[in-house]
Q: 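Sharing a structure with you now.
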Amino acid sequence: MLIRTGIPTPEQIEKVMPSKERLTQGPVAVIECFQSIPCNPCATSCPTGAILPFDNINDLPKFDENKCTGCGICVSSCPGLAIFIVDETYSESEALVRIPYEYLPVPEAGSVVDATDRAGQIVCKGKVVKIFTSKTQDKTTVLSIAVPKEYSMTVRGIKIPKKTETDDICICRCEEISLEELREVIKQGYTDFNEIKRKLRVGMGPCQGRTCRPLILREIAMVTGRPMEDIDLTTFRPPTKPIKISVIAGDGNEE
Ligand code: SF4
Ligand code: SF4
């Protein structure tokens, strides 16, 4: 199930749930890591030893809920985006869920978002209370979302409600970048194709920019007033058009 859909089963979730007693004591990590892979930043980053040192790099995390302070360091360190912090003591009616977030744009503090479950289905509204962004940009952004308490163990993601009609316009199909996201980074000062490529990954998918490149150049030109031919392009590397592997293998039958 997990391998086919990316969604853990209720039985898997049940095994990593903190105890009811621990949930009454404040924020605690919920480690939803179920695949044995060579990875251990959760254990090496945890300052309290709540995530026990791995005997083998392929181990699944072993967690001592009583040593966890809910600091959230492991959330931004986990490359699998598999760790969440749940604080059911946040208020009478709401819980605070801290989730890793790797999309752009990052929602603003105070904004109301659609909170989603593990399958990406919207389950309730949530309010963005706090945003942690790594200064060195080598850690994952973490959002603190206040949600109705009954959804504390359901909410594991967010969607930003669409604000404008440009939100629906797709500029880069390979990397699923909307016109809204492109305009946001241009507004931030990224006005060169290479910079935007590094920021949004446009042009790095299977089509290698054949679709998005002219659209992006046109948008940059419109915003900056520069002629399209004056905007630097990214480097073109061979093959500059799709070719059969037999051509590379050199079987001599292809022109
Ligand atoms: S929240 Fe902090 S204390 Fe708890 S497991 Fe993560 S890093 Fe360790
Ligand atoms: S860092 Fe994340 S993905 Fe890696 S083992 Fe720990 S919980 Fe799993």
Side-chain angles (χ1 to χ4, degrees), residues 6 41 75-83 98-116 118-122 126 128 130-145 156-242:
V75 180
S76 57
S77 302
C78 167
L81 313 184
I83 309 181
R98 273 187 267 168
I99 59 168
Y101 190 75
E102 289 195 333
Y103 293 101
L104 285 174
V106 174
E108 290 170 13
S111 60
V112 174
V113 294
D114 292 326
T116 63
R118 294 172 183 84
Q121 300 299 318
I122 297 170
V128 182
K130 202 170 162 191
I131 300 159
F132 163 80
T133 312
S134 157
K135 287 193 178 64
T136 52
Q137 298 200 327
D138 61 347
K139 298 269 193 284
T140 300
T141 296
V142 179
L143 307 179
S144 299
I145 313 289
R156 291 297 179 263
I158 64 146
K159 285 181 180 168
I160 301 175
K162 295 195 185 309
K163 288 180 292 198
T164 67
E165 58 189 29
T166 52
D167 244 6
D168 273 339
I169 300 174
C170 185
I171 289 288
C172 170
R173 281 182 293 174
C174 303
E175 299 294 334
E176 296 184 4
I177 304 299
S178 71
L179 178 56
E180 187 75 11
E181 289 170 279
L182 174 63
R183 287 186 173 167
E184 178 64 30
V185 296
I186 294 177
K187 204 164 75 185
Q188 289 169 13
Y190 297 91
T191 55
D192 172 88
F193 187 86
N194 258 318
E195 290 172 341
I196 293 174
K197 175 181 167 184
R198 290 191 172 92
K199 184 81 179 157
L200 292 181
R201 296 184 57 82
V202 291
M204 295 174 82
C207 94
Q208 290 288 290
R210 281 175 195 80
T211 312
C212 64
R213 191 181 299 116
L215 301 174
I216 291 168
L217 292 178
R218 195 178 65 194
E219 196 62 26
I220 296 172
M222 264 172 42
V223 174
T224 62
R226 284 153 61 202
M228 274 176 70
E229 52 274 18
D230 286 0
I231 300 167
D232 285 340
L233 280 177
T234 186
T235 312
F236 291 89
R237 293 190 179 84
T240 53
K241 64 174 187 174

Q: Got a second to check how far Gln121's CD is from Asp114's CG, nearest 0.5 Å?
A: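 Nearest 0.5 Å value for the CD-CG distance: 11.5 Å.
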Q: How far apart are the closest heavy atoms of Ser77 and Lys139, and which atoms are they?
A: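 The pair with the smallest heavy-atom distance is OG-CE, 3.9 Å.
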Q: Mark yes when over 12 heavy atoms from residues, nucleotides or ligands other than Gln188 sit less than 6.0 Å from its CD; otherwise mark no.
A: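 For Gln188, atom CD is crowded (more than 12 foreign heavy atoms under 6.0 Å).
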Q: Is there a side chain to side chain contact (heavy atoms under 4.5 Å, CB included) between Val106 and Leu143? Walk through the geometry before answering.
A: CA-CA 9 Å; Val106 174; Leu143 307 179; 4.1 Å; yes
Q: Provide the closest heavy-atom pair for Gly209 versus Pro214 in the form atom of the first, atom of the second, distance.
A: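 That closest heavy-atom pairing would be O-CD, 4.1 Å.
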Q: Quick check against the 3.5 Å criterion: does Arg226 have a side-chain atom that pairs as donor or acceptor with the backbone of Thr191?
A: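 Checking the backbone N and O of Thr191 against the side chain of Arg226, a donor-acceptor pair under 3.5 Å is found.
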Q: If you take all heavy atoms of Glu175 and Leu200, which pair is closest and at what distance?
A: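 Closest approach of Glu175 to Leu200, heavy atoms only: CB-O, 4.4 Å.
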Q: Minimum heavy-atom separation for Pro41 and Pro79, please, with both atom names.
A: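 The answer is CG-CD, 3.8 Å.
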Q: Rounded to the nearest 0.5 Å, what separates atom NZ in Lys197 from atom SG in Cys172?
A: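 Lys197 atom NZ to Cys172 atom SG measures 11.5 Å (nearest 0.5 Å).
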Q: First locate atom CD1 of Ile99, then atom CD1 of Ile83, and finally report the distance between them rounded to the nearest 0.5 Å.
A: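 Going from CD1 on Ile99 over to CD1 on Ile83, the span is 14.0 Å.
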Q: Given Ile216 and Glu219, is the side chain to side chain contact (heavy atoms under 4.5 Å, CB included) satisfied, shown in steps?
A: CA-CA 5 Å; Ile216 291 168; Glu219 196 62 26; 5.6 Å; no
Q: Side chain to side chain contact (heavy atoms under 4.5 Å, CB included) for Leu182 and Leu215? Distances and angles first, verdict last.
A: CA-CA 10 Å; Leu182 174 63; Leu215 301 174; over 6 Å; no
Q: Judged by atom type as modelled, is there a donor-acceptor pair below 3.5 Å linking the side chain of Lys130 to the main-chain atoms of Val142?
A: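 Side chain of Lys130 to backbone of Val142: no pair is present.
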Q: Measure across Tyr101 and Ile158 and return the closest heavy-atom pair with its distance rounded to 0.1 Å.
A: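 Residues Tyr101 and Ile158, closest heavy atoms: CE1-CG1, 3.5 Å.
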Q: Got a sec, which residues hit salt bridge (Lys or Arg N to Asp or Glu O under 4.0 Å) with Asp192, two or more places apart in sequence or on another chain?
A: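 Partners of Asp192 under the salt bridge (Lys or Arg N to Asp or Glu O under 4.0 Å) test: none.
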Q: From Glu181 CD over to Leu104 CG, what is the distance, rounded to the nearest 0.5 angstrom?
A: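 Taking CD in Glu181 and CG in Leu104, the distance rounds to 6.5 Å.
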Q: I need the Ile220 CD1 to Asp230 CG distance, nearest 0.5 Å.
A: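 Here the interatomic distance stands at 12.0 Å.
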Q: Restricting to non-hydrogen atoms, name the atom on Pro100 and the atom on Thr140 that form the minimum distance, rounded to 0.1 Å.
A: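 Scanning both residues completely, I find the closest heavy atoms to be CB-CG2, 3.8 Å.
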Q: Can you sort out the partners of Lys187 under salt bridge (Lys or Arg N to Asp or Glu O under 4.0 Å), two or more places apart, ordered by chain and number?
A: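 For Lys187, the residues satisfying salt bridge (Lys or Arg N to Asp or Glu O under 4.0 Å) (neighbours in sequence not counted) are Glu184.
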Q: Can you tell me how far CZ of Arg218 sits from CD1 of Ile171, rounded to the nearest 0.5 angstrom?
A: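 One gets 7.5 Å once the value is rounded to the nearest 0.5 Å.
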